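Following: one structure in structure tokens, then a few remarks.
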Amino acid sequence: MTITVIRSGTVIPGVGVSSLPSTDVVIVDGAVRDLLPSNPARPYDQADLVIDAAGKVVLPGLINNHTHGTAFGPLFPSGHTPLSDDQVIRNLDRHLLEGTTTVLCVDGFMTAEQIARTNQAHPMNVKWASCNTPSCLRAAQIADGSGLHRENIQATAETAVREGAVALGEIGAGHTLGGGGASYMYIPEKVRERTGKTITPAQANALKYTVLGRHIDRRTYDRDEVAAVLTEIGLIDLMTPEDAADIVRSVVLPPSRRLYTAWPRLRNTRGAMPYRSSCTTPRRP
């Protein structure tokens with residue numbers, strides 16, 4: 001039996017009481033056994049470790065139920081190239097330093113093996129969600145899919161739940177529908193490829209809304225307004241309004257022909273590769 005005492009802190013118990021000042025937390029074998037009013041005369045001779053928390057706040061580990069880049073596998077529901085293992089560890093370190101002890105990774109195309117490897121590499125408790133249904137996989141492959149390998153494609157949502165996934169998600173995300181992911185990753189990437197200049201997510205957002213509006217409508221495009229945005233963000237000498245419109249449309253509205261091309265494979269495939277999942281029934285787009 002291992003006993004740890006966190007002594008004399010202000011405890012936030014998370015049970016409806018705002019705070020317990022000057023309280024000792026007694027932990028036995030990793031579980032909270034008791035909360036006691038702090039008493040300097042109490043020696044805790046049997047404790048293996050006594051931590052002085054005077055002047056500090058003690059609270060249960062927080063749960064973050066929506067994170068990205070917290071596991072070793074494809075990034076985002078667009079199946080983007082994975083972050084390096086070192087970057088994932090740094091992300092988890094940051095969560096831990098902020099008081100989070102459990103995260104839910106909603107990148108969506110992880111495998112059980114990738115989650116297990118992450119949990120072995122870091123003390124954070126990493127849970128996972130799966131979005132690997134036929135429609136989400138098809139959308140990811142149209143939008144990006146650069147980080148999807150055979151094992152990720154085969155790991156259907158049904159299989160993931162059997163192997164420990166605790167949720168379905170992230171589904172209908174900005175990375176595949178022209179939302180936030182387009183602004184902070186895909187549009188800036190294409191602008192950098194075209195011009196060598198790096199723009200901010202806010203600047204990419206301004207371009208996106210000027211080209212397509214908030215309701216993704218091609219009729220929104222106004223050449224003079226796009227030119228004004230390009231001037232404001234310092235790109236007017238590097239690309240035309242038509243160039244900017246092409247970039248935004250290629251990210252937010254990828255050619256539908258690719259989606260229809262994928263449909264016969266989806267319709268005719270009965271095995272595990274590449275689209276099968278009994279969690280959802282695909283319909284012709």
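Nothing here was measured: the structure is a model prediction, and the numbers come from that model. Residue indices begin at 1 and follow the sequence shown.
- In this structure, the side chain of Asp107 engages the main chain of Gly69 through a donor-acceptor pair within 3.5 Å.
- In this structure, Thr195 contributes its side chain and Lys197 its backbone to a donor-acceptor pair below 3.5 Å.
- The minimum heavy-atom distance linking Pro13 with Ser19 is given by the pair CD-CA, 4.4 Å.
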Assess whether side-chain hydrogen bond (donor to acceptor under 3.5 Å, both in side chains) is satisfied between Ser78 and Tyr186, documenting all intermediate values.
CA-CA 11 Å; Ser78 55; Tyr186 291 110; 2.6 Å; yes
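- Scanning both residues, Met110 and Cys105, for their nearest heavy atoms gives CE-SG, 4.0 Å.
- Remark: side-chain polar atoms of Asp29 are paired, donor with acceptor, to backbone N or O of Thr2 under 3.5 angstrom.
- A salt bridge is defined here as a Lys NZ or Arg NE, NH1 or NH2 lying under 4.0 Å from an Asp or Glu carboxylate O, and Glu98 with Arg94 meets this definition.
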What verdict does the side chain to side chain contact (heavy atoms under 4.5 Å, CB included) test give for Ile153 and Arg150, after you've listed the backbone C-alpha separation in whole Å, the side-chain angles of each residue and the deciding distance to 0.1 Å?
CA-CA 5 Å; Ile153 294 172; Arg150 183 183 180 90; 5.9 Å; no
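- Checking side-chain atoms of Thr100 against main-chain N and O of Leu96 turns up no donor-acceptor pair under 3.5 Å.
- Annotation for Ala244 and Leu230: closest pair CB-CD2, 4.1 Å, computed over non-hydrogen atoms.
- Under the 4.5 Å side-chain criterion, counting only non-hydrogen atoms from C-beta, Asn64 is not in contact with Leu104.
- In this structure, Val106 and Thr67 have side chains that are not in contact, with every pair of non-hydrogen atoms separated by 4.5 Å or more.
- In terms of heavy-atom proximity, Ala182 sits nearest to Pro188 at O-CD, 3.7 Å.
- Heavy-atom neighbours of Arg42 CZ from other residues, nucleotides or ligands within 6.0 Å: above the threshold of 12.
- Asp93 and His122 form a side-chain donor-acceptor contact under 3.5 Å, judged by distance and modelled atom types alone.
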Quick one, Tyr44 with Asp24, criterion side-chain hydrogen bond (donor to acceptor under 3.5 Å, both in side chains). Give me CA distance, side-chain angles, the key distance, then yes/no.
CA-CA 11 Å; Tyr44 291 118; Asp24 296 348; 2.8 Å; yes
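- Ile27 contributes atom CD1, which lies 5.5 Å from atom OG1 of Thr4 (distance to the nearest 0.5 angstrom).
- No donor-acceptor distance shorter than 3.5 angstrom exists from the side chain of Asn119 to the backbone of Ala116, with no hydrogens or angles considered.
- In plain terms, the two heavy atoms of Tyr221 and Ala245 that are nearest each other are CE1-CB, 3.8 Å.
- Under the 3.5 Å distance criterion, the side-chain polar atoms of Asn132 are matched with a main-chain donor or acceptor of Ala155.
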Could you give me the CA-CA distance, side-chain angles and deciding distance for Gln87 and Arg90, then say whether side-chain hydrogen bond (donor to acceptor under 3.5 Å, both in side chains) is met?
CA-CA 5 Å; Gln87 182 61 60; Arg90 287 195 293 272; 2.9 Å; yes
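- Between Glu163 atom CD and Trp128 atom CH2 the span is 5.5 Å, to the nearest 0.5 Å.
- Under 3.5 Å, the side chains of Asp217 and Thr220 contain no donor-acceptor pair of N or O atoms.
- Side-chain atoms of Gln114 come within 3.5 Å of backbone atoms of Thr111 as a donor-acceptor pair (strictly under, hydrogens ignored).
- Note that OH of Tyr184 and OG1 of Thr200 are 14.5 Å apart. Values are rounded to the nearest 0.5 Å.
- Considering CD of Gln154 and CG of Leu148, their distance stands at 12.0 Å, rounded to 0.5 Å.
- Side-chain contact check for Asp144 and Ser146: at least one donor-acceptor pair (N or O, by modelled atom type) lies under 3.5 Å.
- Contact record, Cys131 with Cys136: O-CB, 2.9 Å, taken as the closest heavy-atom pair.
- By the rule that hydrophobic residues join a cluster once side-chain heavy atoms approach within less than 4.5 Å of another member, Leu36 and Ile51 end up as members of separate clusters.
- For Asp243 (side chain) and Thr240 (main-chain N/O), a donor-acceptor pair under 3.5 Å exists by modelled atom type.
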